[in-house]
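Written below as structure tokens is the structure these notes are about.
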Amino acid sequence: MQFVIDADHESLSRRAAGIIAAAIRAKPDMLLCAATGATPTLAYRRLVEMARGESLVLACLRLLKLDEWGGLAMDDPATCEAYLQQHLVGPLAVPPERYVAWDTMADSTAECQRIGRYLAEYGPIDLAVLGLGANLHLGFNEPGESLYPGPHIAQLSESSLAHPMLSVARQRPTCGLTLGMADLLRSREILLLVSGRHKAPQLAMFERQRISTHCPASFLHLHPRVTVLADVEAASLLEIPQ
Ligand code: GLP
């Protein structure tokens, strides 16, 4: 596992965008799994700028939504759908046939099966861009006695329900819809983005390299190709030399 510590959120985001762009160049029909939340927003903006300024071929790029708030209407401004439409799907002009996304209005169990079938047939994920949850979750793989390997309906923790994304929600989510740990660990490459002083305790806990279902992100230590991109504030409690 490689830790890269950047000076600030801007340089972390530029680096992340560069890594995503390089992956697209290497494999234009790659399957990009994208997290939402505050952390990757600037990286996506820088990626969109790169795509506009350079000859980044996006004609075959496939995009997979990591997770979603169950129970919110698809047009609710708090959905991961609204976020991805605004930050990636729209600006990168990803057409519906190359965008794989949880539909909150469909039957949730059927949605899990549909996403699972897609990954079985067209996976694995080439590059997963992930964020670190306040409770060390990945997607909505919430800490607990056990974790789920495949796409599943998650019972959301109070920590997840306190996520700032939900401040604009028209209603409270009833569950989470998320890829499972095996889906993520089968990714060819994983980028974990961690930014801000408020994530320093979580990143320090992650760095301890103890694997536990109570710390879903810790399973990334089993993966051969993970890059952790953190900024100095998030890395302020790390023990690794900076
Ligand atoms: C949310 C999402 C995750 C996201 C994480 C971190 O709950 N389910 O996909 O990566 O929490 O969010 P943020 O980047 O806003 O801290």
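Both ligands and their constituent atoms are indexed starting at 1 by order of listing.
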The protein heavy atom nearest to atom 6 (C) of ligand 1 is Leu132 O, 3.8 Å

Let me know which of Leu132, Leu203, Val4 forms a side chain to side chain contact (heavy atoms under 4.5 Å, CB included) with Val228. Leu203

Can you find a side-chain donor-acceptor pair between Ser160 and His137 that sits under 3.5 Å? yes

Full working for side-chain hydrogen bond (donor to acceptor under 3.5 Å, both in side chains) between Thr178 and Tyr148: CA-CA 10 Å; Thr178 184; Tyr148 294 77; over 6 Å; no

With no hydrogens and no angle check, do the side chains of Gln171 and Asp76 hold a donor and an acceptor under 3.5 Å apart? no

As a check for students: among Thr178, Val194, Thr39, identify the option with a heavy atom nearest to atom 14 (O) of ligand 1. Thr39

Please report which non-hydrogen protein atom sits nearest to atom 5 (C) of ligand 1, along with the residue it belongs to and the distance in Å to one decimal place. His137 NE2, 3.7 Å

the protein heavy atom lying closest to atom 1 (C) of ligand 1 turns out to be His163 CD2, 3.5 Å

Residues sharing Met105's hydrophobic cluster, by side-chain heavy-atom contacts under 4.5 Å among ILVMFWY, directly or via others? Met74

Would you please say whether a donor-acceptor pair under 3.5 Å links the side chains of Glu68 and Thr104? no

Just distances here: any N/O of Ala38 and N/O of ligand 1 closer than 3.5 Å? yes

Ligand 1 N/O within reach of Asp67 N/O, cut-off under 3.5 Å: yes

In terms of ring plane angle, is the pair Phe206 and Phe3 parallel, tilted or perpendicular, where the classes change at 30° and 60°? tilted

In sequence, state the C-alpha distance, the side-chain angles, and the governing distance for Arg62 and Leu32, and then conclude on side chain to side chain contact (heavy atoms under 4.5 Å, CB included). CA-CA 6 Å; Arg62 295 173 296 143; Leu32 174 65; over 6 Å; no

Would you say Gly139 touches ligand 1, if touching means a heavy atom closer than 4.0 Å? yes

Please report the C-alpha distance between Tyr99 and Glu81 in whole Å, then the side-chain angles of each, then the deciding distance to 0.1 Å, and finally whether the side-chain hydrogen bond (donor to acceptor under 3.5 Å, both in side chains) criterion is met. CA-CA 11 Å; Tyr99 176 47; Glu81 182 64 27; 2.9 Å; yes

Ignoring angles and geometry beyond distance, decide whether Trp69 reaches within less than 3.5 Å of ligand 1 through its nitrogen or oxygen atoms. no

Run the numbers for me: atoms of ligand 1, each under 4.0 Å from some heavy atom of Gly131, listed by number. 10 (O)

In this structure, does ligand 1 have an atom that sits under 4.0 Å from one of the heavy atoms of Lys199? yes

Tell me which part of Leu138 gets within contact of ligand 1: side chain, backbone, both or neither, using heavy atoms under 4.0 Å. neither

Closer than 4.0 Å to some heavy atom of Leu66 - which atoms of ligand 1 meet that? 9 (O)

When only distance counts, is His198 in polar contact with ligand 1, meaning an N/O pair under 3.5 Å? no

Give me the residue, atom name and distance of the protein heavy atom closest to atom 4 (C) of ligand 1. Thr36 O, 3.8 Å

